[in-house]
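Only one structure is covered here, and it is reproduced in the block below.
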Amino acid sequence: MKIGIIGAGNIGGNAAKLFAKAGHEVAIANSRSPETLAGLVAEIGGNTKAVTAEEAADFGEIVFVSIPLGKIDELSPDGFTGKIVIDSNNYYPDRDGQIAELDSDEKTSSELLAEHLKGAKIVKAFNTIWFEHLKTQGNKELPIEQRRVIFVAGDDKEAKKTVADLIEEIGFAAYDTGSLREGGKNQQPNTAIYNRNLTIPEASAILGSQGY
Ligand SMILES: NC(=O)c1ccc[n+]([C@@H]2O[C@H](COP(=O)([O-])OP(=O)(O)OC[C@H]3O[C@@H](n4cnc5c(N)ncnc54)[C@H](OP(=O)(O)O)[C@@H]3O)[C@@H](O)[C@H]2O)c1
């Protein structure tokens, strides 16, 4: 699959390595220029290239957005229409500034991204796992029930399934927390599942749902 990655930091860079290792084509972007990513692209290996953010959006059948939430308005919505977009972003006011719609709980951060990238199929995922754990805790040898869960939320079932399959390919298990609204709330910082190493049965015991 072709995966465009916007944000080449802790999460974007490490997700890129896992996707490339699983055999996917990766195009990765940061805010500066493709030239500044030469070292990272060599480290990622596989079929990977450095591009601009616009090119990453055009390239990906899946586009993985992993930048500070306060920067999402910098993304041009062109190129995202109809695409599956993985949203790993979290709201940290100290970093992102106060955002009234999030402070009042009127919206979730993924709903803000969905508003900005109109026509994209947003799936909130990879936002509850610390990058050091993303690097090391996937294990394809384990049966699904024993693997660490990566949570997914979204309004498009097919898009969520595609992302769930990708998560399983890199050695984790996927767990559906619901819509962008309800699931998005379940996955926010400081919730019971945030930054926790949980299997599907353990997550079910907390969330009271079956996951998939
Ligand atoms: N760190 C974690 O363990 C973790 C875990 C789960 C979720 N998250 C969330 O995931 C997101 C990324 O976190 P991170 O720790 O990976 O961040 P990070 O290491 O600070 O990296 C951020 C990346 O975003 C790029 N960027 C910023 N603005 C951009 C723009 N307008 N267009 C393209 N690229 C842009 C930066 O490029 P430049 O360097 O060129 O500016 C950099 O490559 C955040 O929302 C964070 O809250 C983080």
Side-chain angles (χ1 to χ4, degrees), residues 3-19 26-41 43-44 48-60 63-80 83 85-99 102 107-114 116-117 120 122-138 148-153 163 167 170 172 174-175 177 180 183-191 193-198:
I3 305 179
I5 301 192
I6 300 178
N10 294 316
I11 289 290
N14 284 300
K17 286 177 194 162
L18 296 172
F19 298 151
V26 172
I28 188 161
N30 62 8
S31 77
R32 287 162 287 157
S33 69
E35 292 71 40
T36 61
L37 289 170
L40 181 65
V41 164
E43 229 185 275
I44 294 168
T48 304
K49 60 182 175 184
V51 294
T52 64
E54 290 75 16
E55 288 165 345
D58 282 339
F59 174 86
V63 187
F64 190 107
V65 176
S66 193
I67 66 176
L69 182 70
K71 307 273 188 189
I72 60 173
D73 285 343
E74 292 177 5
L75 300 178
S76 161
D78 303 340
F80 285 92
K83 298 281 173 83
V85 172
I86 298 177
D87 172 21
S88 88
N89 305 328
N90 287 311
Y91 174 43
Y92 283 109
D94 286 350
R95 179 194 64 195
D96 301 319
Q98 297 296 146
I99 302 175
L102 301 184
K107 293 200 173 120
T108 61
S109 62
S110 294
E111 288 175 301
L112 278 190
L113 186 68
H116 182 60
L117 304 180
I122 308 287
V123 178
K124 187 178 189 76
F126 293 84
N127 75 300
T128 65
I129 184 166
W130 184 42
F131 75 97
E132 291 288 359
H133 291 163
L134 178 62
K135 269 193 217 175
T136 56
Q137 291 185 343
R148 177 168 176 162
V149 152
I150 289 185
F151 294 96
V152 297
V163 175
I167 286 169
I170 61 167
F172 292 89
Y175 190 107
T177 63
L180 268 196
K185 280 170 92 167
N186 286 334
Q187 288 180 211
Q188 278 172 354
N190 304 319
T191 55
I193 61 170
Y194 191 75
N195 199 15
R196 299 266 316 273
N197 183 354
L198 301 168

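Not measured: the values here are computed from a predicted model. We count ligands from 1, going down the list as the structure has it; atoms in each ligand are counted the same way.
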Salt bridge (Lys or Arg N to Asp or Glu O under 4.0 Å) pairs, two or more places apart, involving residues 123-134: Glu132-Lys135
Arg148 to Thr128 - nearest heavy-atom pair and separation: NH2-O, 3.8 Å
Provide, line by line, the atom pairs where ligand 1 and the protein bring an N/O atom each to a distance under 3.5 Å; else say none.
unit_1, atom_1, unit_2, atom_2, d
ligand 1, 3 (O), Phe131, N, 2.9
ligand 1, 10 (O), Ser88, O, 3.3
ligand 1, 10 (O), Ser88, OG, 3.1
ligand 1, 15 (O), Asn10, ND2, 3.2
ligand 1, 16 (O), Asn10, N, 3.0
ligand 1, 16 (O), Ile11, N, 2.9
ligand 1, 19 (O), Asn10, N, 3.0
ligand 1, 19 (O), Asn10, ND2, 3.2
ligand 1, 31 (N), Glu74, OE1, 2.7
ligand 1, 34 (N), Ser31, N, 3.3
ligand 1, 37 (O), Ser31, N, 3.2
ligand 1, 39 (O), Arg32, NH2, 3.0
ligand 1, 40 (O), Ser31, N, 3.1
ligand 1, 40 (O), Ser31, OG, 3.0
ligand 1, 40 (O), Arg32, N, 3.4
ligand 1, 40 (O), Arg32, NE, 2.6
ligand 1, 40 (O), Arg32, NH2, 3.4
ligand 1, 41 (O), Ser31, OG, 2.7
ligand 1, 43 (O), Ala8, N, 2.9
ligand 1, 43 (O), Gly9, N, 3.4
ligand 1, 45 (O), Ile67, O, 2.9
ligand 1, 45 (O), Asn90, N, 3.3
ligand 1, 45 (O), Arg95, NH2, 3.4
ligand 1, 47 (O), Arg95, NH1, 3.0
ligand 1, 47 (O), Arg95, NH2, 3.2

Side-chain donor-acceptor contact under 3.5 Å, Asn90 with Tyr194: yes
Pairing residues for Thr36 by the side-chain hydrogen bond (donor to acceptor under 3.5 Å, both in side chains) criterion, not counting sequence neighbours: Asn30
Modelled atom types, side-chain donor and acceptor of Ser88 and Asn127, under 3.5 Å: no
Results of salt bridge (charged side-chain N to carboxylate O under 4.0 Å, His left out) for Glu111 - residues two or more places apart only: Arg181
